[in-house]
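I have placed the structure first, in the form of structure tokens, so that the comments after it can refer back to it.
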Amino acid sequence: MRTVYVDVLVVVNIFIDFLLLLGTGRFLQLKSKLLRLILASLLGGAQSLVALLPEIPAALNILLDLLFASALVLIAFGKADFRSFLKRTLVFFGVSFFFCGIMVFIYSAFRPKGMEVYNDVVYFNISPILLIILTLICYYIMRVLRKLTMGETGKRLCTVKLGIAGEAIEFRAVIDTGCEVREPFSGEYVIIAERELFGNKPVLNFQKRIIPFNSLGGQGILEGIRASRIIIDGKEISNRVYIGLCSGVLKSDVKAIVPYALIKI
């Protein structure tokens with residue numbers, strides 16, 4: 001290996017890990033605080049010092065990569081159930097592997113001056129402008145691939161703020177064009193949400209309406225609570241809305257679904 005400048009190695013990988021975590025969050029539609037992303041990126045920068053060690057066997061290298069990926073994901077996106085955490089870690093690991101693969105291809109094909117790959121760590125001693133261009137190209141390639149593989153599903157994320165009997169509740173939700181659940185007697189729209197979003201708030205003990213629903217997975221029953229106030233992405237919704245409570249139905253990281261028709265009002 002050529003001469004490695006530790007400060008360049010660490011700073012460059014902090015920058016790269018920040019974009020990789022950002023890409024992972026976009027891919028999985030996760031929301032994270034900037035401070036969390038920065039702290040995780042700092043750990044990623046420290047991890048890059050592995051490049052200074054003697055060459056590591058491939059199996060051990062992959063194990064270390066997975067462990068560091070898990071730590072970075074935990075710091076960046078917080079705690080989650082095992083299935084969601086595993087999914088986040090594997091996606092981040094996959095995104096990192098994809099990035100490293102592009103860099104290895106560039107390195108093997110063009111042998112750019114100032115670039116090295118060692119122990120799966122990419123080292124650049126090139127101009128900051130070229131580094132930014134290369135990393136942004138990888139980032140946008142991943143975004144394009146996400147759109148191509150996932151397609152236009154008609155779904156996006158939003159922030160929901162509820163007022164129910166004096167209680168203020170806030171959570172993230174998916175806006176879904178395919179969600180058409182309504183309270184059967186009033187015909188009012190229903191936002192489907194996992195009970196875990198409400199913790200142990202007293203609203204869970206209020207009198208509820210039974211709301212039947214149909215989905216691709218079959219039929220079921222929701223416990224409906226009427227919201228006295230609802231704000232979606234800063235816009236107050238004038239219609240009266242029910243919150244349909246479920247348990248273990250929504251398996252993704254986002255635990256609520258908003259009908260698309262509701263936000264068009």
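Numbers for residues simply follow the sequence, beginning at 1. This structure is a prediction, so every number in the text was calculated from the model and none was measured. The figures here come from the full heavy-atom set of this structure, side chains too, leaving out hydrogens, waters and symmetry mates.
For the atom pair Leu37 CG and Leu42 CG, the distance stands at 11.0 Å (nearest 0.5 Å). Once rounded to the nearest 0.5 Å, the distance linking OG of Ser41 with CG of Leu72 reads 7.0 Å. Expressed to the nearest 0.5 Å, how far CG of Asp17 lies from CD1 of Ile38 amounts to 13.0 Å. We find the CG-SG distance between Asp233 and Cys158 to be 5.5 Å, quoted to the nearest 0.5 Å. Going from atom CG of Leu86 over to atom CZ of Phe93 covers 12.0 Å, rounded to the nearest 0.5 Å.
Both Phe92 and Leu39 are assigned to one and the same hydrophobic cluster, defined by single-linkage of ILVMFWY side chains at heavy-atom distances under 4.5 Å. A single hydrophobic cluster is not seen to contain both Ile231 and Leu162; linkage of ILVMFWY side chains at heavy-atom distances under 4.5 Å, directly or through other members, places them apart. Cluster membership for Ile243 and Phe185, using ILVMFWY side-chain heavy atoms within less than 4.5 angstrom, is not shared. Put simply, Ile221 and Tyr242 are part of two different groups of oily side chains (I, L, V, M, F, W, Y) that touch within less than 4.5 Å, one to the next. Leu66 and Phe82 fall into different hydrophobic clusters, where Ile, Leu, Val, Met, Phe, Trp and Tyr are joined by side-chain heavy atoms under 4.5 Å apart, directly or via other members.
Counting heavy atoms from C-beta outward, Thr24 and Val73 have side chains that stay 4.5 Å or more apart. In this structure the side chain of Ile232 reaches within 4.5 angstrom of the side chain of Ile237, judged on heavy atoms. For the pair Phe85 and Leu74, the minimum side-chain heavy-atom distance is below 4.5 Å. Contact of the Leu250 side chain with the Ile257 side chain is registered, since non-hydrogen atoms from C-beta on lie closer than 4.5 Å. For the pair Asp176/Val258, no side-chain contact is recorded, criterion being any heavy-atom separation below 4.5 Å from C-beta on. The closest side-chain heavy-atom distance from Ile225 to Leu245 is below 4.5 Å. For the pair Phe171 and Lys255, the minimum side-chain heavy-atom distance is 4.5 Å or more. In this structure, the side chains of Cys246 and Ile192 come closer than 4.5 Å at one or more pairs of heavy atoms.
Remark: Arg195 engages Glu223 in a salt bridge, criterion side-chain N to carboxylate O under 4.0 Å. The pair Glu188-Arg226 meets the salt-bridge criterion, with a side-chain N (NZ, NE, NH1 or NH2) lying under 4.0 Å from an Asp/Glu carboxylate O. Looking at Glu236 and Arg229, a side-chain N of the basic residue comes within less than 4.0 Å of a carboxylate O on the acidic one, giving a salt bridge.
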Report task. Carefully, step by step, assess Arg172 and Thr159 under the rule side chain to side chain donor-acceptor pair (under 3.5 Å). Result -> CA-CA 5 Å; Arg172 299 281 282 170; Thr159 299; 3.0 Å; yes
Report task. Check step by step if side-chain contact (heavy atoms from CB on, under 4.5 Å) holds for Ile75 and Leu43. Result -> CA-CA 9 Å; Ile75 295 171; Leu43 177 60; 3.7 Å; yes
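Although no hydrogens or angles enter the test, the distance criterion places no donor-acceptor pair under 3.5 Å between the side chain of Thr89 and the main chain of Ala69. Glu194 contributes no side-chain N or O that, together with a main-chain N or O of Leu197, makes up a donor-acceptor pair within less than 3.5 Å.
Within the cation-pi definition used here (under 6.0 Å to the ring centroid, within 45° of the axis), Arg36 does not qualify as a partner of Phe77.
Across every non-hydrogen atom of Arg88 and Lys79, the tightest pair is NH1-O, 4.0 Å.
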